[in-house]
K.L.:
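This is the structure I want to talk about, given as C-alpha cells.
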Amino acid sequence: MDTKLLPDNPYVLLTPGPLSTTKSVKAAMLQDWCTWDDDYNAIVQEIRARLVDVAGGGDLTAVLMQGSGTFAVEAAIGASVPENGKLLVISNGCYGERMGQIADYLHIEKRLLDFGEVGWADPRTVVETLDADSDITHVAVVHCETTTGMLNPVQEIGSEVKRRGKTYLVDAMSSFGGVPLDMDDVKCDFLISSANKCIQGVPGFGFILARREAMERCAGNARSLSLDLYRQWSEMEHKNGKWRFTSPTHVVRAFAQALRELEDEGGVQARHARYRANHRALVEGMEALGFSCLLPEAWRSPVITSFLTPDHPDFEFRRFYGELKSRGWVIYPGKVSSSDTFRIGNIGDVALDDMRRLIEAVGASMYWSRP
Ligand SMILES: *Cc1c(COP(=O)(O)O)cnc(C)c1O
C-alpha cells in the first residue's frame, strides 16, 4: 500500500519502547489474521528463525510470549529455575530489581547482588558471590539497564557463570537487535527481549531465545499456566508456529515487517552504528547546551541516555517536557532515586538529522535560561 496515506505521528517518541516505528511497520497491521491459520503460523516461524539468526544461530530456539517484556522475563525465570534452584539476581536499576521481585512472587529462592543505581555490575564481585554461595544454580542480569542507560558486562559475567556450571539468563530487552550480542560468546542460556524495542516493532509480545537443551529442561517447572514457557515453546515448535492462546496477530505481523527492515538496514551492526551516531550527536549537542550525563562515558549504552537536570531554581521537568512535546519531541522522565535526571532515548525510526533537530528544539525549550 502507499504508506503516504497513513497519518504522520504528532510527535517523535524518544522513549525506549514503545518507540517511533516506520510507516511500513504500521501498515503491516492493516489486515486481519487468523491466530491458528497456516499463513499466519508461517509468519511466526519466519520470526522465530530470524530471531535465532540475530542471536547467533547454532543450537538456539525461540519462543514468543503474549504481554509486555516483563511477562517474558517472568515466564523465563518461572520456567527455568526448578523447585530446588536458587537464583542470583545482579541488579543496578529497576529492571534488575524487578527480576528479584519476580523471584519473590514465584517463591523462588533468590539472592540479590545490588550494585546501586549508578554502580557498574563488577564481574569480580559476581565471582565472589558465586564462590561464597554454592546453592546458586541460576544467574540473571540486565544487559542495558534502561533505568540509567548503563551497559553491563554480560560477556565477562557469562564466562564466570559458565565456568561454574550455572544457568545464565540475560534481560537484553532494550539492547537486542540494536547492540551486537552473540549468545554463544556471552555464554547465555536464556535471552529475553520484546517486540517494541530495538527491533522496532509495536508493543504486544516478548520473546525468549534459549539453548534447545536449556529449554527442554524447563518442562514441568512453570509456576503459571499462561506463562508456561516450556508448553508455549513446545506448541510453537511441534505445531509449526502455533500459539497456545490468542496471539496479538497484528503486532506479530508488524514485527515480521520490522525484522525484514532490520535486515534491509544491514543487520544489527548497521543498526548499532546508527544508534551510536544518534547517541553521540545527542550527547555532544546536550553538552554544548550545558547539560551533563549521569554516567561516565565507558558505561553508557547507545540506546538511552540519562542527563542530570539543570541546577537552576526554575527548572521543572513537566514544563520542559511540555515545551519539547509542543515542538514534536517526547522524552522520558528520570528513574534514578539518588539524583534528579531525565532520559532521552535514541532508538526507533530516528536518524542523525532528527538528533540535530531535537537539539535545536531542546535549545528553544530551555525556558529557564530565556532572557
Ligand atoms: C522495557 C524493559 C523491560 C520490560 O518492560 P515492559 O514495560 O514490561 O515491556 C524489561 N527490562 C528492561 C531492561 C527494559 O528496558
Side-chain angles (χ1 to χ4, degrees), residues 13-21 64-78 80 87 89-103 105-106 112 114-115 117-121 139-154 157 168-179 181 186 188 190-209 224 226-227 229 248 251-252 254-255 258 275 279 294-295 299-306 330-336 341-348:
L13 297 180
L14 295 176
T15 52
L19 36 65
S20 290
T21 55
L64 317 183
M65 181 60 84
Q66 293 95 334
S68 82
T70 304
F71 292 58
V73 176
E74 185 155 350
I77 291 176
S80 62
L87 176 69
V89 176
I90 299 167
S91 172
N92 52 3
C94 97
Y95 294 100
E97 204 175 295
R98 189 175 296 173
M99 293 199 287
Q101 287 168 351
I102 288 172
Y105 261 77
L106 301 180
L112 187 71
D114 189 357
F115 287 94
E117 283 165 326
V118 291
W120 188 64
V139 178
V141 69
V142 175
H143 184 210
C144 172
E145 181 44 88
T146 320
T147 310
T148 53
M150 174 115 57
L151 215 46
N152 283 319
V154 287
I157 294 172
Y168 189 35
L169 295 90
V170 176
D171 168 351
M173 202 71 65
S174 61
S175 56
F176 185 75
V179 179
L181 199 157
V186 173
C188 149
F190 294 90
L191 179 148
I192 307 123
S193 187
S194 78
N196 60 273
K197 301 224 170 160
C198 295
I199 309 275
Q200 299 185 181
V202 302
F205 70 92
F207 54 87
I208 295 100
L209 283 142
S224 153
S226 51
L227 295 180
L229 188 71
V251 175
V252 168
F255 189 69
Y275 287 173
H279 168 74
L294 170 74
L295 298 178
W299 295 352
R300 281 180 227 149
S301 69
V303 169
I304 183 166
T305 311
S306 292
V330 164
I331 64 168
Y332 226 34
K335 219 172 186 174
V336 180
T341 58
F342 62 89
R343 293 175 291 171
I344 303 184
N346 56 254
I347 60 177

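Counting starts at 1 for both ligands and their atoms, in listed order. Predicted, not measured: the structure shown is a model, and the values here were computed from it.
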K.L.:
Counting N and O atoms only, with roles assigned by atom type, does the side chain of D171 sit under 3.5 Å from a partner on the main chain of M173, one being a donor and the other an acceptor?
P.N.:
yes
K.L.:
Tell me whether K197 forms a cation-pi arrangement with Y275, defined as NZ or CZ under 6.0 Å from the six-membered ring centre and within 45 degrees of its axis.
P.N.:
no
K.L.:
Enumerate the side-chain hydrogen bond (donor to acceptor under 3.5 Å, both in side chains) contacts for residues 64-78, please, sequence neighbours excluded, ordered by first and then second residue.
P.N.:
Q66-Q232, T70-R98
K.L.:
Answer yes or no: is there a side-chain heavy-atom contact under 4.5 Å between T148 and L294?
P.N.:
yes
K.L.:
Who are the residue neighbours of ligand 1 when the rule is a heavy atom under 4.0 Å from any of its atoms?
P.N.:
S68, G69, T70, Y95, R98, V142, C144, T146, D171, M173, S174, K197
K.L.:
Would you name the heavy atoms of G201 and T21 that are closest together and state the gap between them?
P.N.:
O-CG2, 3.5 Å
K.L.:
Compute the ring centroids of F71 and F205, then answer whether they are less than 6.0 Å apart.
P.N.:
no
